Structure formats: C-alpha cells, structure tokens
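The block underneath contains the structure these notes are about, expressed in structure tokens.
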Amino acid sequence: MRTPLVAGNWKMHGNRAANRVLLEAVVRETETLGGVECVVCVPFPYLGEVAGQLAKTRLVWGAQNLSEHSHGAFTGEVSATMLAEFNCRYVIVGHSERRQHYGETDAVVAAKYAAVLAQGMKPILCVGETLVQRDAGQTEQVVARQLQVVLDLSGKKSLENAVLAYEPVWAIGSGRTATPEQAQAVHAFLRARVLRETCILYGGSVKPENAAALFAMQDVDGGLIGGASLVAGDFIAIARAAQHKG
Ligand code: 13P
C-alpha cells in the first residue's frame with residue numbers, strides 16, 4: 001500500500017517569524033493526523049531553524065533543490081551531504097521552474113536525483129508538460145522522456161526510495177488545475193513505468209476545494225502544494241483530503 005503524501009513547496013517565500021508561526025500551526029494539526037505523511041520543502045537559509053523546530057514532531061522537512069556535484073568550486077551551490085547533515089529527508093528535483101528559469105536539462109535533473117539518493121534522502125522528481133506540448137498531444141512523450149533519463153542513470157529500483165510528482169506546467173500557480181480525469185490519465189501512464197509502490201503526487205493549483213476530487217483518483221497518491229502550503233489551514237485541509245483517500 002502507498003501511504004498518501006502531501007508536500008508543501010514554499011518556493012521563495014517566507015521569513016523567520018512567519019515560518020515559525022506557520023509551522024506551529026501545521027505541527028499542531030499534523031501531530032494527530034494519521035494515514036498521511038506531511039512534508040514542507042523550505043528555502044535553504046531556513047533549513048537549520050526548521051529542522052530544529054520540527055525535531056520530535058511528525059512533520060517532515062525537505063529542500064527544494066541541490067547541486068548535482070558532491071563538493072568543490074561551485075559558488076552558491078548546496079550539496080547533498082550538506083542537506084543530509086541537517087537530517088533533510090526529501091529534496092525536490094526537476095521542478096519546472098528550475099528547468100525553465102535555470103536551464104536544468106534532463107541530464108542535470110538525473111544527476112541531482114542520483115545525488116539525493118546517494119546521501120540516503122528521497123528525491124521528489126517532478127515531471128510535466130507545457131501547454132504548448134499538451135496542445136500538441138505530446139504530454140505522454142514529454143513525461144516519459146523526463147522520467148526515462150532519470151531511470152537510465154539510477155535504475156527503476158531506485159524508485160523504491162523516491163517520489164514522483166506530475167506537475168503540468170500550465171497548472172502551476174495559474175489557478176487552472178488539471179481535472180481529476182486529466183491527472184489520472186497521466187498518473188496511470190506514469191504508473192505503468194514505475195513501481196506499484198511508487199508514490200505519484202499531483203501538483204498544480206491544488207487547493208482545499210479541489211484536493212479531495214484529485215486524491216480520489218486511483219493513481220493520485222497525494223499532492224505537491226505550492227501557494228496553498230503557505231496557509232496553514234489550507235495545507236492542513238489538503239492533508240486531510242489525502243488522509244481520506246480511498
Ligand atoms: P501551486 O500549487 O502554487 O500551483 O504550485 C505548484 C507547484 O509548483 C508545487 O511544486
């Protein structure tokens with residue numbers, strides 16, 4: 001059985017005071033929330049502080065990115081070993097914002113995925129098509145390629161320790177969610193290429209209002225949540241929707 005998972009991706013939002021208040025509220029609720037794993041992926045400068053605040057709680061934290069290199073002269077980069085030193089559990093790799101704005105190729109994403117695994121952390125591998133690609137009927141081709149490059153490097157068995165996230169680029173931050181049926185279609189396509197136990201999250205304008213319908217889909221095992229993860233009540237409501245999955 002796959003345990004539902006809800007991961008917040010704070011992106012480049014937050015400050016120390018606001019983070020503390022947000023996490024206090026989320027922790028209060030997640031302590032008694034069974035049947036769903038809740039994760040927050042926070043900006044690098046806050047990792048140490050968040051790790052301290054979340055120690056001995058059920059709320060897990062992760063990072064949003066890392067370097068594909070283990071160490072060396074890479075100014076401004078953060079390595080997997082640095083994250084692991086703080087007991088980081090999850091790292092998002094291949095988010096479309098990194099592919100789009102920072103030129104991350106499939107090969108770089110694959111190297112990052114391997115770097116996360118090598119330090120005993122779990123990658124949350126993001127795949128997804130743009131609107132142009134969807135309209136051209138290329139959705140399956142695009143996500144299959146993004147996934148395959150990773151599997152070619154790390155092997156399918158690596159998925160035992162990884163999470164996949166389908167995030168259609170056109171649904172991110174746009175308020176335009178994929179319909180549950182659109183999400184399920186791509187998730188089913190991905191399911192055939194991963195392991196039965198691989199958790200496949202949906203991401204893209206997930207809100208309390210649409211979460212239950214998305215999570216009701218057979219192959220949607222939870223969500224990767226952007227904007228709504230910054231509002232404690234919304235994030236918790238989404239986690240509760242995943243908890244009631246099935
Ligand atoms: P939104 O939930 O704000 O659309 O962001 C989704 C996302 O990119 C999560 O990684």
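Atoms within each ligand, like the ligands themselves, are counted from 1 in listed order. What you see is a predicted model; the values in this text were computed from it and never measured.
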Could you give all pairs that pass the ring-ring contact (aromatic ring centres under 6.0 Å, His included) test and reach residues 155-205, with sequence neighbours left out? Tyr166-His187

Pairs involving residues 79-89, ordered by first then second residue, that meet side-chain hydrogen bond (donor to acceptor under 3.5 Å, both in side chains) (sequence neighbours left out): Ser79-Thr81

Short side-chain to backbone donor-acceptor contact, Glu104 and Val109, under 3.5 Å: no

My understanding is that only residues two or more places apart in sequence, or in another chain, count here; which of them pass ring pair (Phe, Tyr, Trp, His ring centres under 6.0 Å) with His95? none

Which protein residues have a heavy atom closer than 4.0 Å to any atom of ligand 1, listed by chain and number? Asn9, Lys11, His95, Glu167, Ala171, Ile172, Gly173, Gly204, Ser205, Leu224, Gly226, Gly227

Under 4.5 Å between side-chain heavy atoms, counting indirect links through other Ile/Leu/Val/Met/Phe/Trp/Tyr residues: same cluster for Leu230 and Leu54 or not? yes

When you compare the side chains of Glu49 and Asn19, does any donor N or O come within less than 3.5 Å of an acceptor on the partner? no

